[in-house]
Amino acid sequence: MLIPVFTVAFLVATSLWVYRDAQAFAKRGRSVYFSIGTAEISTPVAWAVGCLCLWILFAPLYLTCRKNA
């Protein structure tokens with residue numbers, strides 16, 4: 001019964017971390033950026049929403065793009 005609660009808490013916590021980390025990069029003038037075709041992810045809000053919706057895809061993608069920022 002507690003597994004869904006912990007899962008949601010984990011998703012929210014990691015998405016919050018991604019938002020704050022991406023915001024810190026943006027304040028330093030080095031946005032975390034990813035684009036494929038015409039789709040572009042470059043704002044902290046976009047990264048956080050992506051992590052909330054598709055964590056399994058966006059969290060590793062963020063960590064990879066973060067290294068290049």
Side-chain angles (χ1 to χ4, degrees):
M1 178 141 182
L2 289 177
I3 291 175
V5 173
F6 286 129
T7 302
V8 169
F10 176 77
L11 290 174
V12 169
T14 55
S15 297
L16 244 162
W17 176 81
V18 165
Y19 174 77
R20 289 182 179 165
D21 191 60
Q23 194 173 37
F25 270 88
K27 284 182 182 178
R28 287 180 269 177
R30 299 176 2 199
S31 294
V32 180
Y33 180 83
F34 177 77
S35 70
I36 184 165
T38 58
E40 176 183 301
I41 305 165
S42 61
T43 65
V45 173
W47 282 112
V49 170
C51 282
L52 277 175
C53 295
L54 288 170
W55 185 90
I56 196 74
L57 175 69
F58 279 88
L61 183 63
Y62 176 77
L63 293 174
T64 303
C65 293
R66 182 182 186 266
K67 290 179 185 177
N68 299 329

Going by distance alone, is a donor N or O of one side chain under 3.5 Å from an acceptor N or O of the other, for W55 and S15? no
Without hydrogens or angle criteria, can the side chains of N68 and Y33 be said to hold a donor-acceptor pair below 3.5 Å? no
Answer whether the closest heavy-atom distance between the side chains of F58 and W47 falls below 4.5 Å.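 A side-chain contact exists here, since the closest heavy-atom pair is under 4.5 Å.
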Any side-chain heavy atom of V8 sitting closer than 4.5 Å to one from P4?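 Side-chain contact under 4.5 Å: no.
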Would [X] and [Y] show up in the same hydrophobic cluster when neighbours are defined by side-chain heavy atoms closer than 4.5 Å?
{"X": "V32", "Y": "I36", "result": "yes"}
{"X": "L57", "Y": "F34", "result": "yes"}
{"X": "V45", "Y": "I41", "result": "no"}
{"X": "V18", "Y": "F10", "result": "no"}

Spatial distance of atom CG (D21) from atom OG1 (T14) [nearest 0.5 Å]: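 Answer for the CG-OG1 pair, D21 versus T14, is 12.0 Å.
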Keeping the roles fixed (side chain from Y62, backbone from A48), state whether a donor-acceptor pair exists under 3.5 Å. no
Do we get R28 above F25's six-membered ring, with its NZ or CZ under 6.0 Å from the centre and within 45° of the axis? yes
Which atoms form the tightest heavy-atom contact between L11 and L52, and what is the distance? O-CD2, 4.2 Å
